[in-house]
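A short worksheet on the structure shown next.
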Amino acid sequence: MKPKILLVNPPIYDFAAYDFWLKPSGMLSVAGNLRGKADFKLFDYLDRLAPFMAGQKKCESDRWGRGRFYCEHSPVPQVLEAIPRYFRRFGLPQRLFADFLAKEGPFDYVMVQTTMTYWYNGLEEVIEDIRCTWPQAKIILGGNYVTLCCDHAQTLGADLLVKGMNLEPLWEYLAIDPDLQQPALWEVYDKLNVGILKLTEGCPFNCTYCSVPMVYGTFKTRSLEHSLGELELLCRLGAGNVAFYDDALLFEADKVLIPFLSDVLKRNLRVNFHSPNALNARFVTSELAELMIRAGFKTFYLGFESASKQWQKQTGSKVFSDELAEATRHLLAAGAEPENITAYQILGHPHIDIQELEASMRFVSSLGIRGMLADFSPIPGTPDGEYCRKWIDLDEPIMHNKTAFPIILLSFDECNRLKDLQRKLNRSLLT
Ligand code: B12
Ligand code: SF4
């Protein structure tokens with residue numbers, strides 16, 4: 001008898017959340033390795049194509065597959081009471097999960113995706129509901145929160161925590177031999193309009209605010225055949241938009257992205273590609289920009305963070321201002337729409353005094369592209385995250401909340417002023 005495994009992508013408790021190509025890609029990759037060896041069911045609270053969502057106003061997808069989640073007001077956690085914003089629960093209503101469990105259970109195992117460290121309230125809700133209906137099911141957590149806050153995750157009462165990239169403990173626990181050549185289990189969705197790909201693992205840089213170097217070690221590439229096979233599966237299932245979750249998609253492009261996109265063109269695979277997780281402008285050459293657009297890239301998010309040279313050097317020198325300007329020129333010359341090129345800048349970084357954020361925002365706007373303020377989330381184990389112990393209790397993951405930290409550091413009014421300025425700068429591009 002094959003084991004019966006339930007996959008759950010939990011609801012989000014936060015001040016804000018938006019479906020910016022959010023899919024539980026780590027959990028689906030793990031499940032893909034078990035394809036044919038277990039019977040799977042999925043409950044994705046964040047699936048905006050679920051039948052319940054059909055009647056929800058203002059939750060339609062935009063032309064690239066993004067959109068709003070269904071949400072309900074929720075009491076703000078005590079540690080965030082000083083933040084003057086509404087707190088919400090994003091995702092399908094809890095009663096739908098109760099009905100689903102009663103109808104589809106029992107399950108031998110339940111795997112739960114964890115993402116942002118400060119979203120663990122959603123895990124608590126899911127674990128409690130499973131324990132209530134099927135107490136004998138073994139609950140397995142894996143992903144970012146477990147990897148970065150393992151001690152905290154131990155307190156939630158799951159049966160197994162899969163920390164980091166080593167999946168051996170999981171295969172042993174399930175007593176199943178995985179097939180590592182399989183693509184992610186995308187067919188577990190009834191309907192799909194967005195998919196995720198990851199061609200590489202890790203990043204060669206060492207930015208002081210980021211956990212990726214610590215979690216992944218050296219930069220590695222995944223097999224091209226594997227990635228193309230997964231893209232073909234996504235196309236067959238109807239995913240017209242595909243976002244990359246790579247941390248350094250453009251690094252060693254001659255070995256990874258260029259052969260991948262050349263094959264996409266040869267195989268005539270037509271999808272819109274997106275890069276929400278920031279591309280490194282340093283690696284955007286005119287040839288690469290031209291190939292990316294020809295192969296279907298539609299939106300370009302570039303990680304810029306600050307125009308201050310001192311800040312850039314102090315945090316890891318991943319990109320300099322002239323490189324952003326050069327990348328923008330190449331993308332525009334290759335035919336990218338200016339409104340689809342966005343540079344991220346960190347808001348609320350602890351060294352904001354040298355970041356000269358306002359000047360950075362104006363610099364981005366002077367290039368004729370959009371800016372987006374990315375609220376800083378302090379991450380334990382990173383130099384900049386650890387430095388934030390001056391202001392917050394870093395051992396309480398809710399305090400990593402990206403909306404909260406900039407307000408704690410700069411004040412609500414100052415954050416609003418900077419966000420208003422960003423909106424104004426972006427609007428001025430349209431006129
Ligand atoms: C894609 C991504 C995004 C996407 C959306 C992700 C999502 N689904 O929500 C976007 C671009 C929207 C995003 C936004 C942000 N992000 Co982000 N993001 C990532 C990224 C690159 C991947 C996350 C992911 O889905 N991983 C899952 C898969 C793809 O990873 P994997 O390695 O293949 O998984 C393996 C194992 O982990 C394991 N595994 C994974 N999941 C599971 C599940 C189970 C059950 C099991 C058994 C095993 C398992 O198996 C896999 C084996 O191959 C990570 C960095 C990273 N490389 O992990 C940052 C990361 C999670 N993001 C981070 C940050 C800071 C942010 C932002 C705050 C940035 C900003 N200021 O705007 C925002 C916050 C958004 C919000 N609403 O609050 C931080 C974490 C912050 C935190 N406190 O948790 C990270 C770690 C990057 C960093 N700087 O260190 N992000
Ligand atoms: S370049 Fe990006 S992924 Fe790499 S270390 Fe810096 S912030 Fe992290």
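All values reported here derive from a predicted model rather than from experimental measurement.
Under the 4.0 Å criterion applied to side-chain N and carboxylate O atoms, K198 and E201 are not assigned as salt-bridge partners. Looking at E414 and R417, a side-chain N of the basic residue comes within less than 4.0 Å of a carboxylate O on the acidic one, giving a salt bridge. Remark: D151 does not engage K163 in a salt bridge, criterion side-chain N to carboxylate O under 4.0 Å.
A donor-acceptor contact under 3.5 angstrom links the side chains of T208 and D384, judged on distance only. Donor-acceptor pairing under 3.5 Å is lacking for the side chains of N272 and W64. A donor atom on one side chain and an acceptor atom on the other are found under 3.5 Å apart for N277 and D247. For the 3.5 Å distance criterion, the side chains of T200 and D246 qualify, holding a donor opposite an acceptor. Between the side chains of D395 and H152, not a single donor N or O lies within less than 3.5 Å of an accepting N or O. Judged by distance alone, the side chains of E125 and Y13 do bring a donor and an acceptor atom under 3.5 Å apart. At a cut-off of 3.5 Å, with distance as the only test, no side-chain donor of E305 or W311 sits close to an acceptor on the other residue.
Judged by distance alone, with hydrogens and angles left aside, the side-chain atoms of N280 form a donor-acceptor pair with the main-chain N or O of K318 at under 3.5 Å. Between the side chain of S366 and the backbone N or O of F363 there is at least one donor-acceptor pair closer than 3.5 Å. Looking at N144, its side chain does come within 3.5 Å of a backbone N or O of T115 through a donor-acceptor pair. The backbone N or O of H274 sits nowhere less than 3.5 Å from a side-chain atom of T299 that would complete a donor-acceptor pair. The main-chain N or O of E339 is never found under 3.5 Å from a side-chain atom of E337 such that the two would form a donor-acceptor pair. No side-chain donor-acceptor contact under 3.5 Å links S377 to the backbone of K402. At distances below 3.5 Å, at least one donor-acceptor pair connects side-chain atoms of R48 with backbone N or O atoms of G65. Side chain of S428 to main chain of L425: a donor-acceptor pair is present (N/O by atom type, distance under 3.5 Å, no hydrogens or angles). For the pair S411 (side chain) and I407 (backbone), a donor-acceptor distance under 3.5 Å is absent. Checked by atom type and distance alone, the side chain of K309 never pairs as donor or acceptor with a backbone atom of A307 at under 3.5 Å.
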### Criterion side chain to side chain contact (heavy atoms under 4.5 Å, CB included) on V110 and I140, from CA distance to verdict
CA-CA 6 Å; V110 183; I140 302 169; over 6 Å; no

### Message
Could you go through T221 and L199, starting from their C-alpha distance and side-chain angles, then the distance that decides it, and tell me whether this counts as side chain to side chain contact (heavy atoms under 4.5 Å, CB included)?
### Response
CA-CA 6 Å; T221 60; L199 310 185; over 6 Å; no

### Task
Take Y118 and F405, measure what ring-ring contact (aromatic ring centres under 6.0 Å, His included) needs, and give me the verdict at the end.
CA-CA 11 Å; Y118 46 90; F405 188 76; over 10 Å; no

### Task
Would you please test L161 and Q154 for side chain to side chain contact (heavy atoms under 4.5 Å, CB included) and show each step?
CA-CA 8 Å; L161 302 181; Q154 305 269 13; 3.8 Å; yes

### Query
So L224 and L228, side chain to side chain contact (heavy atoms under 4.5 Å, CB included) or not? Walk me through it.
CA-CA 6 Å; L224 187 63; L228 286 161; 3.9 Å; yes

### Residues Y209, F376; criterion ring-ring contact (aromatic ring centres under 6.0 Å, His included); working and verdict
CA-CA 9 Å; Y209 44 84; F376 175 72; 7.1 Å; no

### Message
Using side chain to side chain donor-acceptor pair (under 3.5 Å), reason through D14 and N401 one step at a time and then give a plain yes or no.
### Response
CA-CA 8 Å; D14 203 336; N401 186 289; 2.8 Å; yes

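Looking at V194 and V242, their side chains never come closer than 4.5 Å, going by heavy atoms from C-beta outward. Residues I258 and L291 meet the side-chain proximity criterion, which asks for heavy atoms closer than 4.5 Å. R89 has its side chain within reach of P11: a pair of non-hydrogen atoms, C-beta onward, lies under 4.5 Å apart. Counting heavy atoms from C-beta outward, P380 and C149 have side chains that approach closer than 4.5 Å. Side-chain contact between Q345 and Q422 is present, with heavy atoms from C-beta onward closer than 4.5 Å. Side-chain atoms of F52 and P93, non-hydrogen and from C-beta on, do get closer than 4.5 Å to each other. Residues F15 and L80 form a side-chain contact, since some pair of their non-hydrogen atoms from C-beta on lies under 4.5 Å apart. Side-chain contact between Y173 and K138 is present, with at least one heavy-atom pair separated by less than 4.5 Å.
Closest of all the heavy-atom pairs between I352 and G348 is CD1-N, 3.8 Å. What you find for I293 and L331 is that their closest heavy atoms are CD1-O, 3.8 Å. In this structure, V319 and G303 approach most closely via the heavy-atom pair CG1-O, 3.4 Å. Here the shortest heavy-atom pairing between I392 and P378 reads CD1-CG, 3.7 Å. Between R423 and D420, the shortest heavy-atom contact is NH2-OD1, 2.7 Å. Between P10 and L123, the closest heavy-atom pair is CG-CD2, 3.6 Å.
Here the CG-CZ distance, from D19 to F90, works out to 12.0 Å after rounding to the nearest 0.5 Å. Atom-to-atom distance recorded for S365:OG and M361:CE is 9.0 Å, nearest 0.5 angstrom. Taking CG of N340 as the reference point, atom CD1 of I369 lies at 11.5 Å (rounded to 0.5 Å). The OG atom of S227 sits 7.5 Å away from the CZ atom of R222 when rounded to the nearest 0.5 Å. Atom SG of C203 and atom CZ of F219 lie 8.0 Å apart (nearest 0.5 Å). In this structure, the separation between CD on E230 and OG on S29 is 6.0 Å, given to the nearest 0.5 Å.
In this structure, K298 is not positioned above the aromatic face of F273 in the sense of NZ or CZ being under 6.0 Å from the six-membered ring centre and within 45° of the axis. Taking the centre and axis of the six-membered ring of Y189, the NZ or CZ atom of K23 falls inside the cone set by 45° and 6.0 Å.
Screening Y70, F100, F97, F69 for a ring pair (Phe, Tyr, Trp, His ring centres under 6.0 Å) involving Y45 leaves a single residue, F97. Residue F43 is tested with L101, N9, L96 for a side chain to side chain contact (heavy atoms under 4.5 Å, CB included); the sole match is L96.
The 12-atom threshold is exceeded at CG of D159, counting heavy atoms of other residues, nucleotides or ligands nearer than 6.0 Å. Environment of CD in E128: sparse, with no more than 12 heavy atoms of neighbouring residues, nucleotides or ligands closer than 6.0 Å. Residue-environment remark: CZ (R68) stays at or below the threshold of 12 foreign heavy atoms within 6.0 Å. Heavy-atom neighbours of Q78 CD from other residues, nucleotides or ligands within 6.0 Å: at or below the threshold of 12. Residue Y86 qualifies as open at atom OH: its count of foreign heavy atoms under 6.0 Å is 12 or below. The 12-atom threshold is not exceeded at NZ of K58, counting heavy atoms of other residues, nucleotides or ligands nearer than 6.0 Å.
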